Amino acid sequence: MTSQEFYEELEKGAGRSEGPIFQDQGDEENLQKSVEILKNILNNQTELICRSRPDGMITFVNDAFCRYFGKTSKELIGHSFMPFIALEDRDMVEKHFGTLSEEKPVATIEHRVLLPNGQVRWQQWIKRAIFDVRGRLVEIQSVGRDLTERIRAEKILQESEKRYRCLISKMCNGFALNEVIIDGSGRACDSYFLEVNPAFEQITGMKANEMIGKRVGDVFPGTESFWIDSCGQVALSGIAVHFRKCSKLFDRHFEIIAYSPVKGQVATVFTDISERMEIEAALRESENNFRAIAENANDGILIGTGDVNHRYTYANGKASDMTGYSIVELLNMGYEDLVHPDEIGRIGQRYQKRMAGKPVIPYYETIL
């Protein structure tokens, strides 16, 4: 039964002559049966139902109302509902009653109530004012339900949304949320920007209001199909991806994490790794230069580690010629295997000091 139906039944119970419940208005017995039927209907509702006079005195409550407030109907009828309303909300409720009129007899209000056990709960009430033929307010009919869990869930969502917004806006990585556009073949052909963060604005050189609600292809003409295809697959399959890619449009290298928070949408986190790629390239070039020099040097070169075995990690051709061991053999040896037994103690002390960063003479003679 809807709230509107409640009101219709309540009006009948208030003495209205129309309606199917009153089969024989002249028959007192049938009238009493109709009243009992109405009470049963109202008492079997899960919603809280209450009727009260204009001064707030309760004239009827259903069983759900009694269970909710932990009172019997005898304890409630003839008493004001106002003591149940949380003190902070009483003024608001009283003002709300003042807004009811013949032109607008129905209104909704949300407020807190204080239960006898001390618990505070949120409720929503739909109230309907009944006026007599002279336009005087004679009764208020109310249908209520508990909102506590909904409001608690909304608060949790709001706090979560606030944390999310703070994280997205403060993160150093670029972030974009897009809704993909599907063509006739069921493939992603473009996408709309739904959200971007300040870091993404910095990467693209554009403001959020220049991107939100617009197509990627319109905002960034010449976007490579790889980006549309990859992000579209994530949005439609729900499978997250992690990859590196150079964007020709921005002439930058990015590390990408893309995932789908909702089917049809893709969230993309961009990390600009252009500088890192340049450093890695420089290191590779430096290593290649070192190897070229080392391999052609006239001196034997061995590079050792600080682990317990003191193994060599590099040996050039000249070191192999000088020692008589192959490069493979040298890489399975340490200084203990290479120097003369009489020299191991002295060389070992120098080795340990050097690995600890202590000053040691850089040049010395030994016996292999």
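Model, not experiment: these values are computed from the prediction.
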Derivation of the side-chain hydrogen bond (donor to acceptor under 3.5 Å, both in side chains) call for Asn178 and Tyr192: CA-CA 5 Å; Asn178 292 66; Tyr192 289 103; over 6 Å; no
Cation over ring face, Arg350 and Tyr364, 6.0 Å, 45°: yes
Within 45° cone and under 6.0 Å: Lys127 NZ/CZ vs Phe97 ring: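 Not satisfied by the 6.0 Å and 45° rule.
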Between [X] and [Y], is there a side-chain N and carboxylate O pair less than 4.0 Å apart?
{"X": "Lys95", "Y": "Asp89", "answer": "no"}
{"X": "Arg276", "Y": "Glu255", "answer": "yes"}
{"X": "Arg244", "Y": "Glu280", "answer": "yes"}
{"X": "Glu195", "Y": "Arg165", "answer": "yes"}
{"X": "Asp132", "Y": "Arg136", "answer": "yes"}
{"X": "Arg51", "Y": "Glu139", "answer": "yes"}
{"X": "Glu343", "Y": "Arg346", "answer": "yes"}
{"X": "Arg90", "Y": "Glu94", "answer": "no"}

Going from [atom1] on [X] to [atom2] on [Y], what distance comes out if it is rounded to the nearest 0.5 angstrom?
{"X": "Lys245", "Y": "Ser230", "atom1": "NZ", "atom2": "OG", "value": "8.0 Å"}
{"X": "Ser247", "Y": "Arg252", "atom1": "OG", "atom2": "CZ", "value": "10.5 Å"}
{"X": "Ile140", "Y": "Arg128", "atom1": "CD1", "atom2": "CZ", "value": "13.0 Å"}
{"X": "Cys231", "Y": "Ile256", "atom1": "SG", "atom2": "CD1", "value": "7.5 Å"}

Phe254 and Trp227 aromatic ring geometry - parallel, tilted or perpendicular at 30°/60° bounds: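 Rings of Trp227 and Phe254: perpendicular, over 60°.
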Geometric class of the Phe220/Phe200 ring pair [parallel <30°, tilted 30-60°, perpendicular >60°]: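 If you compare the ring of Phe200 with that of Phe220, the planes turn out perpendicular.
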Quick check on [X]: does its [atom1] atom have over 12 non-hydrogen neighbours (other residues, nucleotides or ligands) under 6.0 Å away?
{"X": "Glu154", "atom1": "CD", "result": "yes"}
{"X": "Glu159", "atom1": "CD", "result": "yes"}
{"X": "Asp183", "atom1": "CG", "result": "yes"}

Using the ring centroid of each side chain, check whether [X] and [Y] are separated by less than 6.0 Å.
{"X": "Phe270", "Y": "Phe175", "result": "no"}
{"X": "Tyr312", "Y": "Tyr325", "result": "no"}
{"X": "Tyr68", "Y": "Phe84", "result": "no"}

Do [X] and [Y] pair up side chain to side chain, a donor and an acceptor below 3.5 Å, judged on atom types alone?
{"X": "Asn173", "Y": "Thr271", "result": "yes"}
{"X": "Thr148", "Y": "Arg121", "result": "yes"}
{"X": "Arg145", "Y": "Gln124", "result": "yes"}

Side-chain donor or acceptor of Arg150 paired with backbone N/O of Trp122 under 3.5 Å: no
